Amino acid sequence: METTLIILKPDAVQRGLMGRIISRFEDKGLQVAGAKFMRISPELAARHYTDHEGKPFYEGLVSFMTSSPVLVLALRGCGAISICRSMMGATFGSKADPGTIRGDFGVSNSFNLIHGSDSVESAARELELFFETSELIDWQRAGEGWIYDLSSGTPE
Ligand code: IDP
Ligand code: MG
């Protein structure tokens, strides 16, 4: 099982899209392991986007991410990192395919609704930035055996 860090960005919150975006992940079978509605500080935004420091869009990105509250989620599932990335779609709303979150809900290249970790390493780093260990909850879903085939002992 993987856990990935998702951020519903300020535009998703301001446009009232939180519920519809979370529903897509729940419908897919991903499990919410953590959730936090918060205002990101400039320091946290800088740590989160450290790889982009110096790029032309960096200052605008930090100011966007700190401009209004966000909803931070930890989503769990087999292959959760790449599943969430495909569900998000391409970075730019103008290029993202229909059927993806960015493709269906936005047109902007910078206000692109959602962040998702892009690798196992970045998921670990980003989860630690946004959640205490005790805030990530291990819990049993009632319907787990109908979401995954558990007959072999490992989820298939
Ligand atoms: P990702 O969010 O799809 O992983 P990254 O390349 O990691 O895309 O960029 C991080 C964020 O920075 C994007 O989600 C977007 O909000 C913003 N961004 C990236 N490239 C541009 C750009 O060329 N113009 C404006 N904003 C950008
Ligand atoms: Mg990225």
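Note that the structure is predicted; figures quoted are calculated from it, not measured. No hydrogens, no waters, no symmetry mates; every other heavy atom, side chains included, goes into these values. Both ligands and their constituent atoms are indexed starting at 1 by order of listing.
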Next item on the list: Would you mind reporting whether His115 and Lys9 have side-chain heavy atoms less than 4.5 Å apart?
Entry: yes
Item checked: Same apolar cluster: Leu8 and Met65, side chain cutoff 4.5 Å -> no
Note to self: I need the contact type for His48 against ligand 1. Using non-hydrogen atoms and a strict under-4.0 Å cut-off, is it side chain, backbone, both or neither?
What the structure shows: neither
Next item on the list: Write out the residue and atom name of the closest protein heavy atom to atom 2 (O) of ligand 1, then the distance separating them to 0.1 Å.
Entry: Arg102 NH2, 3.1 Å
Check: Does any pair with a residue in residues 61-100 pass ring-ring contact (aromatic ring centres under 6.0 Å, His included), and if so which ones, sequence neighbours excluded?
Finding: Phe64-Phe111
Margin query: Below 3.5 Å, N or O to N or O, backbone or side chain included: is there any such pair between His115 and ligand 1?
Written below: no
Margin query: Check Arg76 with Glu2, please: is the shortest side-chain N to carboxylate O separation under 4.0 Å?
Written below: no
Item checked: Element-labelled atoms of ligand 1 that are located less than 4.0 Å from some non-hydrogen atom of Ser110 -> 16 (O), 25 (C), 26 (N)
Item checked: Residue list, ring pair (Phe, Tyr, Trp, His ring centres under 6.0 Å) with Phe130, at least two apart or on another chain -> His48
Margin query: Check for me whether Met65 has a heavy atom closer than 4.0 Å to any atom of ligand 1.
Written below: no
Item checked: Check: Asp118 and Arg85 side chains under 4.5 Å, non-hydrogen atoms -> yes
Notebook entry, point to check: Does some side-chain heavy atom of Leu30 sit less than 4.5 Å from a side-chain heavy atom of Cys84?
Noted result: yes
Note to self: Which option wins on minimum heavy-atom distance to atom 23 (O) of ligand 1: Phe92, Phe64, Tyr49?
What the structure shows: Phe92
Next item on the list: Would you mind checking which non-hydrogen protein atom is closest to atom 20 (N) of ligand 1, with the distance to 0.1 Å?
Entry: Phe57 CE2, 3.4 Å
Note to self: Any non-hydrogen side-chain atom of Phe131 less than 4.5 Å from a side-chain atom of Val72?
What the structure shows: yes
Margin query: Strictly below 4.0 Å, N to O, side chains only: are Asp104 and Arg24 in salt-bridge contact?
Written below: yes
Next item on the list: Just go through Val62, Asn109, Thr91 and tell me whose heavy atom is the nearest to atom 1 (P) of ligand 1.
Entry: Thr91
Margin query: Tell me whether ligand 1 is touched by Arg85 - counting only heavy atoms on the residue side and a distance under 4.0 Å.
Written below: yes
Note to self: Under a 4.0 angstrom heavy-atom cut-off, which atoms of ligand 1 come close to His52?
What the structure shows: 5 (P), 6 (O), 7 (O), 9 (O), 10 (C)
Notebook entry, point to check: Among protein heavy atoms, which lies nearest atom 13 (C) of ligand 1, and at what distance?
Noted result: Asn112 ND2, 3.4 Å
Check: Is the closest heavy-atom distance from Lys9 to ligand 1 below 4.0 Å?
Finding: yes
Next item on the list: State if Leu61 counts as touching ligand 1 under the rule of any non-hydrogen atom under 4.0 Å.
Entry: yes
